[in-house]
Structures are given as C-alpha cells and as structure tokens.
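Notes for the one structure printed next.
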Amino acid sequence: MLILKKLKNREKLSLKEAAKLYDMDLFTLGETANTIREKKFGKKTYFNINRHINPSNICKDVCKFCAFSAHRKNPNPYTLSIEECVEIAKNAYAKGAKEVHIVSAHNPYVGYEYYMNIVKAIRGELPDIHIKAFTAAEVNFFSGLSGKSYEKVLDDMIEAGVDSMPGGGAEIFDEKIRAKICKDKVGSENWLKIHELWHKRGKKSNATMLFGHIENRAHRIDHILRIRDLQEKTGGFNAFIPLVYQRKNNYLNVKKFLSGVEILKTMAISRILLENIPNIKAYWVTTTLNLSLVAQNYGANDIDGTIEKESINSAAGANSANGLKLDELVHLIKDSGYIPVERDSLYNELKIYK
Ligand code: V47
C-alpha cells in the first residue's frame, strides 16, 4: 500500500492521503504509530504532578459541548478570589505539585486585572511552580475585554509569570462545525495565530482537538494537519491532546458515541501525522484510564497527571472530579508494561519509576 510505504519512508502525507488513514485497520495503524512512539520514547510513559485551578465558571460564551460554565443544566455560578487561588496553589505545592494548570470560563464581570493578578499572586508566593495558564480562547477573550492586542496580552501574561499555555479552546478547526458548537469563541485562524505569537516569544504550548461529537473523520484530519503546519513553522507545541467528547449536562444533542476502536485509531493517526510534535497525550480524564493505558500501544506516550481536582470534564460526566493518586497512576502504568516517568511541564524527566 502506497500510504504505508510513504509512512515507512517518513514521507509527509497530503490531506487526501491522510484522510485514507481511517480506512486502515486498527492493528496496522497501531503498529505504525507504536513504531514512532517506541523510537522516540521506548517504553517510557510520562505524567506530571499537577493541580487544575478553574477560577470562575461564569462565562459570556455558550459552547454547546460545555457542562462546566454556569447555565440551566449546571446552575451553580462561582468566582474564586485571588487569595483562594493562591491558597489552592500553595496547598498543592506543599503536597508535591510542580504545575498549576489555570483555565477559567470567560467571566466578563471580574476585569482583565483579575486574571493577571491570579498569576502574579501565585508567582509571588511560589517562585518555582510552573504556571500553565490561559488557553488561546481566553487570550482572545482578554483581548476583547481590555482592548489590548493579542501581543500585549501575551506579553502581560509573561510578565505576570505564565510559563506555558495549555492547549484548550481548539475544539475542531473546521469553520462550519465550529459555528455550530462554539460560534462566539475564538475563531480557528486566531487560535492558531495566538499560539504562533506565543511560540515567537520563545514559549511552549500544547494543542487539543475535541472529537466524538458532530464532526467527522475528515474534520479531524483537517484539524491535525493545521496543527502540523503551524508546528512546522514554529516548533512550539510540546504535546497534542485528542480530547474525547463527554456527553452529560450539555446542549449538544449527540446520539452516536465513539467506539474504543475509533478513539484508538484517532490516537494512532495523531501520532502518525504529527511526527513533528514530540508528545501525544492520552488525557486519562476524557479517554478513561483503561483506554489511556491501551493507548500507550497506539502512539500515546503521556497520560497527563494527578490533577487533584478537575471541573471541566467531570461536569460533563468524566470520572475525574478528584484526580488520581500518584501511587495508583504509577502502578497502572507499570502493570500495563510501561515505565512511568514523572516529568516537568516542559517534559524534562524528573523521576523514573523502574
Ligand atoms: O477547551 C469542554 C474541553 C478543554 C468538554 O494543555 C470538553 O496540557 C470533552 O484543554 N467533553 C479544556 N471535552 C481542557 C484542556 C486540557 C486538558 C488537559 C491538559 C491540557 C494541556 C489541556 O476541555 C476545552 C474543551 O475542548 N471540553 N467540554 C466535554 N463535554
């Protein structure tokens, strides 16, 4: 098969060729993806010790897949004070967390400074912790809120103490699907532009893809290839994270859900098409723990971290509200035949659990 031959020769696939990957059987895809994975990482699987902080769930936007923001199906609005955010970060740090992952709903009532001050206050108390904060969707929202350019917002984030950006808000880049699921959110071009500007500042970020809702396979391929193109220009993405759509408490009326085979094929295809991105993360929160462990054989080399508290996906039905204990994570990776490696947020290895 021509595509397989091209892949073996490490040749770049065109959109048309890439779209045919889903027609291949799972085992061939898995074998191809696993070869790339093992060449890069052997049997190592990365995780980190982190803490998610979601400062507010009050949102000016209405994304149909979202169960986190306060609305009819989840009517419990909250906004944490800056002091509360700092307390959460300090407690997590005391328990071993090396990263805080800060993502908020787009709360228009608290003001631009609120967001920057959360970062400044955490940085002031915890000079060593890695602050991964604010998706490109938030950067776009901050820009509208403050009248500042993307460039200025990103510079302010760096000055406040943000180290890297998470990959959220990408959803699916296809403009027609995007208009149906999250029409007021940052557009695809601007999502990519914001990451490009961030990378130009010498900073790293991740990229996600939300799949398993109303998109089709071609939309996923298109999404992955747009990420591949930007990575070719900047080299600034550390990880690609295919997020499996969670169905509860939201307004997307999805009737057909993905099979495990389709999820694993998507992991494998991500690994195959994104050879230029170092890490493929099977985020255990949306992939489920069991399937994340299987995904290690299908290209994934990272399963995120202990998290401690998770609000966005657990609101939509994921089994992640209270994170995962370190011991459990380590044992699960070991028992599945892989070597657990604690990493920092920039993928430096901190501890190998032999
Ligand atoms: O952008 C919202 C997604 C994302 C649902 O960069 C949903 O390391 C599934 O981006 N079903 C936020 N997904 C989470 C995120 C993330 C997570 C872990 C690590 C990193 C990283 C980034 O959650 C949102 C959106 O795409 N999301 N609702 C849902 N119902």
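Both counts, for ligands and for their atoms, begin at 1 and track the order of listing. As a basis for the values below, the full set of heavy atoms in this structure was taken, side chains included, without hydrogen atoms, waters or symmetry mates.
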For residues 318-334, please give each side-chain donor-acceptor pair under 3.5 Å, one per line with the distance, not counting sequence neighbours.
{"residue": "Ser320", "atom": "OG", "partner": "Glu310", "partner atom": "OE1", "Å": "2.8"}
{"residue": "His331", "atom": "ND1", "partner": "Asp327", "partner atom": "O", "Å": "2.9"}
{"residue": "Lys334", "atom": "NZ", "partner": "Lys354", "partner atom": "O", "Å": "3.1"}

Present, as a list of atom pairs with distances to 0.1 Å, all nitrogen or oxygen contacts under 3.5 Å between ligand 1 and the protein.
{"residue": "ligand 1", "atom": "1 (O)", "partner": "Gly169", "partner atom": "N", "Å": "2.8"}
{"residue": "ligand 1", "atom": "1 (O)", "partner": "Glu171", "partner atom": "OE2", "Å": "3.3"}
{"residue": "ligand 1", "atom": "6 (O)", "partner": "Gly167", "partner atom": "N", "Å": "2.8"}
{"residue": "ligand 1", "atom": "6 (O)", "partner": "Asn206", "partner atom": "ND2", "Å": "3.1"}
{"residue": "ligand 1", "atom": "8 (O)", "partner": "Lys132", "partner atom": "NZ", "Å": "2.7"}
{"residue": "ligand 1", "atom": "8 (O)", "partner": "Asn206", "partner atom": "ND2", "Å": "2.9"}
{"residue": "ligand 1", "atom": "8 (O)", "partner": "Lys281", "partner atom": "NZ", "Å": "2.9"}
{"residue": "ligand 1", "atom": "10 (O)", "partner": "Gly168", "partner atom": "N", "Å": "3.3"}
{"residue": "ligand 1", "atom": "11 (N)", "partner": "Gln246", "partner atom": "N", "Å": "2.7"}
{"residue": "ligand 1", "atom": "13 (N)", "partner": "Asn313", "partner atom": "ND2", "Å": "2.8"}
{"residue": "ligand 1", "atom": "26 (O)", "partner": "Glu171", "partner atom": "OE1", "Å": "2.4"}
{"residue": "ligand 1", "atom": "26 (O)", "partner": "Glu171", "partner atom": "OE2", "Å": "3.4"}
{"residue": "ligand 1", "atom": "30 (N)", "partner": "Phe65", "partner atom": "O", "Å": "2.9"}
{"residue": "ligand 1", "atom": "30 (N)", "partner": "Gln246", "partner atom": "O", "Å": "3.0"}

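Figure legend: Lys43 and Tyr338 shown as a cation-pi pair, the cationic atom lying under 6.0 angstrom from the six-membered ring centre and within 45 degrees of its axis.
Not counting sequence neighbours, the partners of Phe141 by the ring-ring contact (aromatic ring centres under 6.0 Å, His included) test are His106. Shown here are the ring-ring contact (aromatic ring centres under 6.0 Å, His included) partners of His199, two or more places apart in sequence or in another chain: Phe237.
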Let's go through Tyr115 and Val110 carefully: what are the C-alpha distance in whole Å and the side-chain angles of both, what is the deciding distance for side chain to side chain contact (heavy atoms under 4.5 Å, CB included) to 0.1 Å, and is it a yes or a no?
CA-CA 8 Å; Tyr115 296 99; Val110 287; 3.6 Å; yes

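For the pair Cys63 and Cys182, the tightest heavy-atom approach, listed with the atom from each and the gap, is SG-CB, 3.5 Å.
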